[in-house]
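Input: a single structure, listed below in structure tokens.
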Amino acid sequence: MPRETKDIMKIVTILGARPQFIKAAVVSRALSQYDDIREIIVHTGQHFDPNMSQLFFEEMGIPEPSYNLDIHGLPHGALTGRMMEQVEGVLLRERPDWLLVYGDTDSTLAGALAAKKLHIRVAHVEAGLRSFNEAMPEEINRILTDRISDLLFCPSEMAVNQLRDEGRLANGAQVVMSGDVMKDAALQFAPLMRQPAAELPDRFVLCTFHRAENVDNEKTLKQLLYALELTCNTIPVVCPLHPHTRKSIEAIAYPIDQSPIQFIEPVGYLEMLYLLSHCTLVMTDSGGLQKEAYYMKKYCVTLRNETEWTELAGCGYNHVVGTEPMNIVQTVQNLLDVTPVFPFELYGDGHAAEAIAKTMNRR
Ligand code: UDP
């Protein structure tokens with residue numbers, strides 16, 4: 001598909017979920033430094049609650065989307081299909097040189113597939129990550145997006161090696177070790193961190209969980225809530241509640257208001273940085289938070305059986321414990337007595353977004 005004009009490189013960026021807004025905040029800013037790059041943002045609507053979406057655009061200065069597709073609340077197939085259909089319409093109208101996608105959500109895959117079939121080149125930020133658990137929807141999205149991307153930006157050497165093992169280096173795709181854009185975000189926005197409205201204990205565990213395998217399965221969800229309640233006997237637990245998790249907890253009639261766990265509404269990124277910097281320990285099943293714990297020099301207890309951020313587990317900063325309550329409680333107790341000393345060298349130099357913009361500008 002030809003460029004609209006000779007001099008301007010047009011990039012259509014697909015965003016849809018909270019972590020993608022955070023990644024885009026730094027990359028869009030880096031792209032805007034180039035006069036001859038024009039970025040058009042498409043918001044699929046996957047996350048739509050104001051405190052999961054609009055708040056991030058405001059707090060982090062992300063350019064307003066040119067298109068809001070308003071697609072959400074559907075099963076994976078319908079969600080991905082409708083997004084593809086709508087994104088295809090945008091691409092036919094805008095005729096960009098590149099389609100830019102982030103991470104591993106249904107919005108990522110829908111955008112990449114729609115572009116590839118129109119012969120528009122695809123750039124994927126956060127390429128090469130694998131949990132090796134294909135029961136996770138995110139793993140399928142990552143593998144397929146990497147397979148059809150032309151430009152793959154990796155957060156680590158391990159991710160580059162993974163793509164090499166899968167043959168991506170040999171067949172025309174360009175693989176770049178850019179570093180992690182979430183490290184850029186943590187470093188750039190940390191000076192702006194903001195105290196959340198909720199009253200906080202002096203010491204606390206910061207906990208988030210929302211993975212389908214944890215909250216869509218009643219037995220696992222009950223186990224996790226039990227583990228958090230037990231943890232509260234030792235140290236308070238503060239838990240910003242993802243809307244999907246809230247729905248699942250309400251469905252099992254768990255008494256959120258009477259729980260010893262301090263549930264709060266989801267917070268903005270600047271408030272999250274405050275929680276990260278003031279907590280004693282992080283407990284999560286989120287991908288992004290595992291790294292942010294490391295960037296803020298906190299140990300992380302990961303409520304999953306595997307992680308795609310394997311370097312952190314290998315170095316002992318991240319303890320991947322699964323969902324068995326006694327394992328979780330014991331690991332938390334052990335880590336509370338240890339003062340973390342973290343070197344800061346994993347996942348690039350904090351200038352990943354600049355590297356991405358520079359590479360795209362040259363293509
Ligand atoms: N986050 C946030 N507010 C919250 C919970 C999380 O700003 O109430 C941020 C968190 O700091 C991280 C990102 O959202 O940068 C992680 O998103 P999420 O856990 O939804 O997705 P995942 O990383 O698991 O894909």
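Atoms within a ligand are numbered from 1 in the order they appear, just like the ligands themselves. The figures here come from the full heavy-atom set of this structure, side chains too, leaving out hydrogens, waters and symmetry mates. We number each residue from 1, following the sequence as shown.
- Note on K291 versus D180: salt bridge recorded, some NZ/NE/NH1/NH2 to OD/OE distance being below 4.0 Å.
- Under a cut-off of 6.0 angstrom, the local environment of CG in N233 is crowded, with over 12 non-hydrogen atoms contributed by other residues, nucleotides or ligands.
- Counting only residues at least two apart or in different chains, side chain to side chain donor-acceptor pair (under 3.5 Å) contacts with residues 150-163 comprise K116-D150, S156-E311, N161-R164, Q162-E166.
- Using a 3.5 Å distance cut-off with no hydrogens or angles, the side chains of Y67 and Q86 do not pair a donor with an acceptor.
- Residues forming a side chain to side chain contact (heavy atoms under 4.5 Å, CB included) with T331 (at least two apart in sequence, or on another chain): V301, H319, V321, L335.
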Could you pull out all donor-acceptor pairs under 3.5 Å where a side-chain atom in residues 219-227 meets a protein atom, sequence neighbours excluded?
residue : atom : partner : partner atom : Å
T220    : OG1  : N217    : OD1          : 3.2
K222    : NZ   : E218    : OE2          : 2.8
Q223    : OE1  : T323    : OG1          : 3.4

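- In this structure, ligand 1 sits under 4.0 Å from heavy atoms belonging to R18, P19, I22, F56, M182, H210, R211, P240, P266, V267, G268, Y269, M272, S286, G287, G288, L289, E292.
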